[in-house]
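Taking it in order: structure first as structure tokens, then the write-up.
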Number of protein chains: 2
Amino acid sequence: MVIVGRPRGFDEETVTAAAAALFATRAYDGVGVDDLVQHLGVHRNSLYKTFGSKRGLYLAALHWHVSHVLQPLIDQLRSGRDPEQFFDHVTRKGNLDLLLLAAVERAPADTEVAAVVAQALQLLEQAIDDVPMLPSGRTGKIALSELLGERVRVRALSAG
Amino acid sequence: MVIVGRPRGFDEETVTAAAAALFATRAYDGVGVDDLVQHLGVHRNSLYKTFGSKRGLYLAALHWHVSHVLQPLIDQLRSGRDPEQFFDHVTRKGNLDLLLLAAVERAPADTEVAAVVAQALQLLEQAIDDVPMLPSGRTGKIALSELLGERVRVRALSAG
DNA sequence: GCGGTTTAGGAACGGTCGTTCTTGACCGAT
DNA sequence: ATCGGTCAAGAACGACCGTTCCTAAACCGC
């Protein structure tokens, strides 16, 4: 495979990460392609050439979020050091927002999103379940629900 | 005040309830005025005459949901009988979905929605807090978070 | 009946959506 | 230098959005 033609002036992963940040703030339909073009600094044509469609970019951003944000947090939790910091990163900072929005808003309308969300939730649940010395009677499922709900509350109150 | 003119052919509260049901399934931007006209059986002009705008109808639906769905559930919980049924109505059935969507998706973009959501969450939290014989160490805040998160999980997995 | 008022029914509006097309600049290999 | 290819830039597309306007029908008080 020989590279031919003008090289692209943007880094695909950087753009994907920026898209993830944007999709984490507003609902899918609330983020226009114009917004993406403006915040990502990449032209429409390049976006469509690279990701195919707005949905393609969203799916790429969601996958990136799971593997480059959630997975490191999971790894950190599994390392056993500072489980409190995991809680903080997830609830206080917005590291769960894209997954949360995807679960609540997109998943019911997009089976592919639903599948990614389901897998991510499973990963999180399992990781929490494997934490030693979890208070008795508290499964990973319950602890994860508490995490998600806590973030819902914080997010809802953060505006106004 | 004397009534003059053709009487309306629909019940305002029935329409509001139907709108609430619709807004509970999809995101705000995902529900078009055409959808509302079709599912509610009321024509555009009447909707705009009655509620002013799509946002006005949404706010009416949200208020109705809080006072006619959540409040009765709260009252039932406070009555002390069958607290398990409260949990079931809220998580298994969709009785929390409109509030959940409003909290996650609308509240950050609409301060009036945020205010209604904040008050509703406060009501729920207080009601749970006042339940006697709550397991020690479990505040209403934590129990409500768990409720919300559980519903997020169920909702995300219900599609696909 | 009649006049006044409100609803019902659609057509129509400007704006914005996601997407595509057109044009020219750019780069690597020949 | 030239050709083949990709990229950048912006205009343009049809479709749909929320909203408004216009006309006819239905009802009340007189």
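Just so we're clear, the structure is a prediction, and the values are computed from it rather than from any experiment. Excluded from the calculations below are hydrogen atoms, water molecules and symmetry mates; all remaining heavy atoms, backbone and side chain alike, are included.
For residues 65-74 of chain B, no residue pair satisfies the salt bridge (Lys or Arg N to Asp or Glu O under 4.0 Å) rule, not counting sequence neighbours.
Rounded to an integer number of Å, the gap from CG of B:Asp34 to P of C:dG9 is 15 Å.
With sequence neighbours excluded, the residues that form a salt bridge (charged side-chain N to carboxylate O under 4.0 Å, His left out) with B:Glu146 are B:Arg138. Here B:Asp97 pairs with B:Arg151, B:Arg155 under the side-chain hydrogen bond (donor to acceptor under 3.5 Å, both in side chains) rule; sequence neighbours left out. Applying the side-chain contact (heavy atoms from CB on, under 4.5 Å) criterion to A:Arg92, with sequence neighbours excluded, gives A:Asp88, A:Glu150, A:Val154. In this structure B:Asp35 satisfies the salt bridge (charged side-chain N to carboxylate O under 4.0 Å, His left out) test together with B:Arg26, sequence neighbours excluded. Every side-chain hydrogen bond (donor to acceptor under 3.5 Å, both in side chains) that A:Glu112 has, sequence neighbours left out, goes to A:Arg55. Judged as a salt bridge (charged side-chain N to carboxylate O under 4.0 Å, His left out), and not counting sequence neighbours, the contacts of A:Asp130 are A:Arg78. By the salt bridge (charged side-chain N to carboxylate O under 4.0 Å, His left out) test, B:Glu12 is found to be paired with B:Arg8, residues two or more places apart in sequence or in another chain being considered. Take A:His68 and apply the ring pair (Phe, Tyr, Trp, His ring centres under 6.0 Å) test, not counting sequence neighbours, and it matches A:Trp64.
A:Val37 comes within 4.0 angstrom of no nucleic acid atom, judged by non-hydrogen atoms across all strands.
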Pairs under 3.5 Å (N/O, protein and nucleotides 24-27 of chain C):
none

Assess whether salt bridge (charged side-chain N to carboxylate O under 4.0 Å, His left out) is satisfied between A:Asp129 and A:Lys141, documenting all intermediate values. CA-CA 8 Å; A:Asp129 246 335; A:Lys141 184 178 292 188; over 6 Å; no

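Of all the residues in residues 8-29 of chain B, B:Arg8, B:Gly9, B:Phe10 reach under 4.0 Å from DNA chain C with at least one non-hydrogen atom. Using a 4.0 Å cutoff on non-hydrogen atoms, the parts of residues 40-64 of chain A near DNA chain C are A:Arg44, A:Asn45, A:Tyr48, A:Ser53, A:Lys54, ordered by number.
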